[in-house]
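Note sheet for the following structure.
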Amino acid sequence: MEKKIVFSGVQPSGALTIGNYIGALRNFTELQDEYDCNYCVVDMHAITIPQVPKNLRKNTLDVLAMYMASGIDPDKSTLFIQSHVPAHAELSWVLNTITYMGQLNRMTQFKEKSKKSDENLNAGLFTYPVLMAADILLYQADFVPVGEDQKQHLELSRDLAERFNSRYSDTFTVPEPLIKEFGARIMSLQDPVAKMSKSDSDTNAYILLQDSKDQIARKIKRAVTDCIGSVNYTDEQPGIKNLINIHSVLSGMSVDEIIKLYSGKGYGVFKSELAEVVIDALDPIQTRYQQYLDNKDFLEKVYSEGANKAESKARKTLRKVYKKIGFVPRG
Ligand code: TYM
């Protein structure tokens, strides 16, 4: 039986956080034996926000190294850089022509990002979810592992697949999101009702995958909690709830086990043991990450072979699409 197809992507718009790891990267790794997985560094998405070219280049290789450091095996999964496969931009254009302005206007991420940067309300930021749909549909993905924040974008991808299929006959697989019950939305350590984000101006709000042991311990110690003082898993204690989620995913303990373990112990003990859990989980990833970064030839080999594999899959879909919409084949 043919394996089902998985696609996902991460933006190289800065160093990755434990939110990216818990909500996405970690789950990517779990899928690679059972599925035909395609994991992309989406550099074309990243330029919807101004990027310093040399940082973009560095961050792109960083994300690639982090993919492998967190366990993605380039022999099992197709690992590549979005701008190396022009079919993404090409399909994106076609999908733009079947996307309604109203749909894009409703995207909460666009609304939030546009609030943050008035001077950068570029058209790319607006049509970004269409490029994302192109990423997914090009590979005929059945499943898309993502964090909670991408759910609305996934709905648009499904909608565009269905619209194209009904207009031009069956062409695209309609993708389904894979969103974990735990860890799909890791919150800011400073404002636990907001998502943890690498673009937060407060560096204490997030833990980076590259943070040192001291930084991790310090950030967890400073994490905003509440004055209730007992380790409980409730919406009234969003800070503690978030820390329990992080603990649970990284330690493998259930929420109940964690609550029992820290009952009557106060936040200080909980936080310092959580710091150990995070440090232990990140330590092997950081070691491997550094090894990959030090081996630029290997990185180049991975992304160029990945681009070849991705390109042939993507071209196949694009050829079909062009034919269906009535473009004359080049011959
Ligand atoms: P990006 O780069 O913002 O985030 C990468 C992945 O990390 C997840 N994530 C989180 N999960 C839990 N808690 C958090 N605080 C947290 N922050 C980020 C995201 O949900 C995502 O899965 N548009 C996408 C990139 C993209 C993509 C795609 C994804 C482009 N094309 C096609 C899937 C399929 C984005 O900006 O992710």
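For Arg163 and Tyr100, the positive end sits near the middle of the six-membered ring, less than 6.0 Å away and at most 45° from its axis. Geometric assessment of Lys195 against the ring of Tyr206 yields a negative cation-pi assignment under the 6.0 Å and 45° thresholds. Geometrically, Lys180 does not engage Phe182 in a cation-pi contact, judged by NZ or CZ lying under 6.0 Å from the ring centre and within 45° of the ring axis.
Between atom CD of residue Gln11 and atom CE of residue Met132 there is a gap of 9.5 Å, rounded to the nearest 0.5 Å. In this structure, CD1 on Ile246 lies 11.5 Å from OG on Ser251, to the nearest 0.5 angstrom. To the nearest 0.5 Å, atom NE2 of residue His45 and atom SG of residue Cys40 are 9.0 Å apart.
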- prompt: Passes salt bridge (Lys or Arg N to Asp or Glu O under 4.0 Å), Lys4 versus Asp36? Steps please.
  reply: CA-CA 6 Å; Lys4 295 262 188 194; Asp36 168 10; over 6 Å; no
**Val231 and Leu243: CA distance, side-chain angles, deciding distance, side-chain contact (heavy atoms from CB on, under 4.5 Å) verdict** = CA-CA 10 Å; Val231 178; Leu243 298 182; over 6 Å; no
Exercise for review: Verify side-chain contact (heavy atoms from CB on, under 4.5 Å) between Thr234 and Lys241, making sure each step is shown before the conclusion.
Suggested key: CA-CA 6 Å; Thr234 76; Lys241 186 176 180 184; over 6 Å; no
task: Could you please spell out the steps behind the side-chain contact (heavy atoms from CB on, under 4.5 Å) verdict for Asp191 and Val224?
output: CA-CA 7 Å; Asp191 176 15; Val224 168; over 6 Å; no
The test is side-chain contact (heavy atoms from CB on, under 4.5 Å); show your working for Met196 and Leu189 and say whether it passes. CA-CA 7 Å; Met196 180 183 286; Leu189 299 182; 4.0 Å; yes
Fill in: Audit row: Lys309, Glu305, salt bridge (Lys or Arg N to Asp or Glu O under 4.0 Å) steps and yes/no
CA-CA 6 Å; Lys309 280 199 272 174; Glu305 287 178 5; over 6 Å; no
Test salt bridge (Lys or Arg N to Asp or Glu O under 4.0 Å) applied to Asp149 and Arg185, step by step: CA-CA 7 Å; Asp149 62 330; Arg185 193 170 174 83; 5.8 Å; no
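Of all heavy-atom pairs between Ala15 and Gln210, the closest is CB-NE2, 3.7 Å. Residue Ile179 comes nearest to Gly147 through the heavy atom pair CD1-O, 4.3 Å, listed as atom of the first residue, atom of the second, then distance. Pairing each heavy atom of Leu104 with each of Pro129, the nearest pair is CD2-CG, 4.1 Å.
A salt bridge links Glu90 to Arg315: one of the charged nitrogens lies within less than 4.0 Å of a carboxylate oxygen. Electrostatic pairing of Asp62 and Lys58 counts as a salt bridge here, judged by a charged N lying under 4.0 Å from a carboxylate O.
Under the 4.5 Å side-chain criterion, counting only non-hydrogen atoms from C-beta, Ile207 is in contact with Ile220. At a threshold of 4.5 Å between non-hydrogen side-chain atoms, the residues Lys323 and Pro329 do not count as touching.
In this structure, a donor-acceptor pair under 3.5 Å is absent between the side chains of Asp256 and Ser254. Between Asp43 and Ser83, the side chains place a donor N or O and an acceptor N or O closer than 3.5 Å (distance only, hydrogens not considered). For the residue pair Asp159 and Gln103, a side-chain donor N or O sits within less than 3.5 Å of a side-chain acceptor on the partner. Between the side chains of Gln290 and Asp294, at least one donor N or O sits under 3.5 Å from an acceptor N or O. Residues Lys324 and Thr171 bring a donor and an acceptor atom of their side chains to less than 3.5 Å of each other. Between the side chains of Gln152 and Thr108, at least one donor N or O sits under 3.5 Å from an acceptor N or O. A donor-acceptor contact closer than 3.5 angstrom links the side chains of Asp226 and Tyr267. Side-chain contact, Tyr35 with Asp142: no donor N or O sits under 3.5 Å from an acceptor N or O. Side-chain contact annotation: Lys313 with Thr78, donor-acceptor N/O pair under 3.5 Å present.
No path of Ile, Leu, Val, Met, Phe, Trp and Tyr side chains, each step under 4.5 Å between heavy atoms, connects Val42 with Phe143, placing them in separate hydrophobic clusters. Grouping the Ile, Leu, Val, Met, Phe, Trp and Tyr side chains by contacts below 4.5 angstrom, directly or via other members, places Ile49 apart from Ile81. Using a 4.5 Å cut-off between side-chain heavy atoms of Ile, Leu, Val, Met, Phe, Trp and Tyr, with links allowed through other members, Leu95 and Val144 fall into the same hydrophobic cluster. In the hydrophobic cluster analysis, where Ile, Leu, Val, Met, Phe, Trp and Tyr join through side-chain heavy atoms closer than 4.5 angstrom, Phe7 is grouped apart from Val302. A single hydrophobic cluster is seen to contain both Val10 and Met66, as judged by linkage of ILVMFWY side chains at heavy-atom distances under 4.5 Å, directly or through other members.
When the shell of 6.0 Å around NZ of Lys54 is examined, it contains 12 or fewer heavy atoms from other residues, nucleotides or ligands. Few gaps surround NZ on Lys296; more than 12 heavy atoms of other groups in view lie less than 6.0 Å from it. Around the CG atom of Asp235, the shell of radius 6.0 Å holds no more than 12 heavy atoms that belong to other residues, nucleotides or ligands. By the 6.0 Å contact criterion, NZ on Lys151 is open, its count of non-hydrogen atoms from other residues, nucleotides or ligands being 12 or less. More than 12 heavy atoms of other residues, nucleotides or ligands shown are found within 6.0 angstrom of NZ on Lys265. Heavy-atom contacts from other residues, nucleotides or ligands closer than 6.0 Å to NZ of Lys221 number 12 or fewer.
Aromatic ring orientation, Phe80 versus Tyr139: tilted (interplanar angle from 30° to 60°).
The ring of Phe28 has its center closer than 6.0 angstrom to the ring center of Tyr39. When ring centroids are compared, His153 and Phe110 stay outside the 6.0 Å threshold.
Among Asp211, Asp214, Asp200, the one residue that satisfies the salt bridge (Lys or Arg N to Asp or Glu O under 4.0 Å) test with Lys219 is Asp211.
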